[in-house]
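Read through the structure below, which is laid out as structure tokens, and then see the notes.
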Amino acid sequence: MSIRIVGTGSTLPKKHVTNEELTRLVDTSDEWIRERTGIGGRYVSQGETVTELSASACEKALKDAGKNAEDIDLLLVATCSPETSIPCVACQVQARIGANNAVAFDVNAACAGFLFALHTVYAYMEAGIYKNALIVGAEVLSKIVDWNDRGTCILFGDGAGAVVVEHCEKDGLLGFVQHSDGRKGEVLRCDTRSLVNPFVDRPMEAPYVQMDGREVFAFAVRQVPAGVEELLQKLEMTADDVDLFVLHQANFRIIEGIAKRLKQDVNKFPVNLDRVGNMSSAAIPVLLDELNRAGRLKEGMCIVLSGFGAGLTWGACALRW
Ligand code: COA
């Protein structure tokens, strides 16, 4: 028993913001951003919510899969930038698309969120509990980014990607690994509402993303290839057996470093971060959808997905497409 992806969809906000436009907000340059990150632009919400972007991506994924919303029995949304703490985004998406037979809840593992949600669906399906799932990765990070901080505001973008997953008898998801290390959580964090009530007296913390970029960079280039190697060893495969590495899109230099560590041609690592920036949970499903629509995912291909980010969290899985 395994699971396979049978449909993909994605939706990005209308507004595209180039690096050049950011030079009007902070002391930076297109050259600096491209050289250090590979990012040339990103989509930024002017009102589109995580729920709206998610619902739109779900509708496209359902159409691609040839399924109806009522067929779905499990709906997970991976996000770290919901508009509401309650109800969760997944329940709001459920209502919007009419997935009335699904159980719906959110998963927050930051940039590894989509991957962890996929693994959660795998576990449910292997246990025979659910048969048809929708998994979404969606973010509107522009509302938690400090647009005066040039160290972070240049990196992130908004968007949503969704996949329809069904159980299958063989192939599909071949195996996965996932890890967390909460001891390193301080290197990338975003506070939520401060504790404000009549019984405390403390200053408000700025609820914006704060990051130690160098630490995050070092973590990614060390742990991601180690995680992929662990996965391949578990599956008795080598990196040469993998056709495509669909990695979290944080920084092109990180992707190059990972390709080098795995001794693989960087062309096996598709990228879209030059256009969309780092969309956290949405990065992998949006890239998967773009590859799917471009006809780059061929039946029988071995594809490794790998996500990493705040928490710290990281992991990888291998799929036979
Ligand atoms: N434009 C111009 N200069 C900038 C800048 C910007 N947007 N951001 C930082 N700088 C400056 C710094 O102030 C510093 O100046 P100084 O030397 O005068 O002090 C200089 O550039 C170098 O800063 P540093 O932070 O060492 O740069 P870096 O090479 O580490 O690149 C990141 C910064 C953020 C691009 C890089 O660390 C990174 O990508 N880290 C991973 C972040 C990430 O992917 N996070 C999400 C993970 S899911």
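First listed ligand is number 1; within each ligand, the first listed atom is number 1.
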(request) Applying side-chain contact (heavy atoms from CB on, under 4.5 Å) between L287 and each of V276, L273, N272, report the one that passes. (result) N272
(message) Distance alone, cut at 3.5 Å: any donor-acceptor contact between the side chains of N278 and H248?
(response) yes
(message) For the residue pair N292 / D64, report whether a side-chain donor-acceptor contact shorter than 3.5 Å exists.
(response) yes
Can you name the atoms of ligand 1, numbered from 1 with element, that are less than 4.0 Å from a heavy atom of [X]?
{"X": "F217", "answer": "38 (C), 40 (N), 41 (C)"}
{"X": "V216", "answer": "43 (C), 45 (N), 47 (C)"}
{"X": "G213", "answer": "37 (O), 40 (N), 41 (C)"}
{"X": "A250", "answer": "44 (O)"}
{"X": "F308", "answer": "48 (S)"}

Closest protein heavy atom (residue, atom, distance) for [atom]:
{"atom": "atom 1 (N) of ligand 1", "value": "T28 OG1, 2.7 Å"}
{"atom": "atom 25 (O) of ligand 1", "value": "R214 NE, 4.3 Å"}
{"atom": "atom 14 (C) of ligand 1", "value": "R150 NH2, 4.7 Å"}
{"atom": "atom 48 (S) of ligand 1", "value": "C111 SG, 3.2 Å"}
{"atom": "atom 33 (C) of ligand 1", "value": "W32 CH2, 3.9 Å"}

So is there a nitrogen or oxygen of [X] less than 3.5 Å from a nitrogen or oxygen in ligand 1?
{"X": "T37", "value": "no"}
{"X": "I154", "value": "no"}
{"X": "S29", "value": "no"}

(request) Apply the side-chain hydrogen bond (donor to acceptor under 3.5 Å, both in side chains) test between D30 and each candidate in N19, T23, T18; give the one that qualifies. (result) N19
Looking at [X] and [Y], would you say the former's side chain and the latter's main chain have a donor-acceptor pair under 3.5 Å?
{"X": "D274", "Y": "G40", "result": "no"}
{"X": "D71", "Y": "N68", "result": "yes"}
{"X": "E139", "Y": "D158", "result": "no"}
{"X": "S306", "Y": "G315", "result": "yes"}

(request) To the nearest 0.5 angstrom, please state how far the CD1 atom of I129 sits from the CG atom of D73. (result) 10.5 Å
(message) Rounded to the nearest 0.5 Å, what separates atom OG in S81 from atom CE in M279?
(response) 11.5 Å
(message) Applying a heavy-atom cut-off of 4.0 Å, say which part of N251 lies close to ligand 1: side chain, backbone, both or neither.
(response) side chain
(request) Heavy-atom distances under 4.0 Å are what count here, so tell me which part of N278 touches ligand 1: side chain, backbone, both or neither. (result) side chain
(request) Tell me, please: is D27 in heavy-atom contact with ligand 1, that is, under 4.0 Å? (result) yes
(request) For atom 27 (O) of ligand 1, state which one of E35, R36, M279 supplies the nearest heavy atom. (result) R36
(message) My understanding is that we take every heavy atom of each candidate and find the minimum distance to atom 45 (N) of ligand 1. Doing that for R253, M211, H248, E215, which one comes out nearest?
(response) M211
As a test of the contact definition, would [atom] count as having a protein heavy-atom neighbour under 4.0 Å?
{"atom": "atom 17 (O) of ligand 1", "value": "no"}
{"atom": "atom 11 (C) of ligand 1", "value": "yes"}
{"atom": "atom 4 (C) of ligand 1", "value": "yes"}

(message) Under a 4.0 Å threshold between the charged nitrogen and the carboxylate oxygen, would E186 count as salt-bridged to R189?
(response) yes
(message) Tell me whether the NZ or CZ atom of K234 lies within the 45° cone about the ring axis of F176 and under 6.0 Å from its centre.
(response) yes
(request) Taking the side chain as every heavy atom from C-beta outward, state whether L244 and P270 have any atom pair closer than 4.5 Å. (result) yes
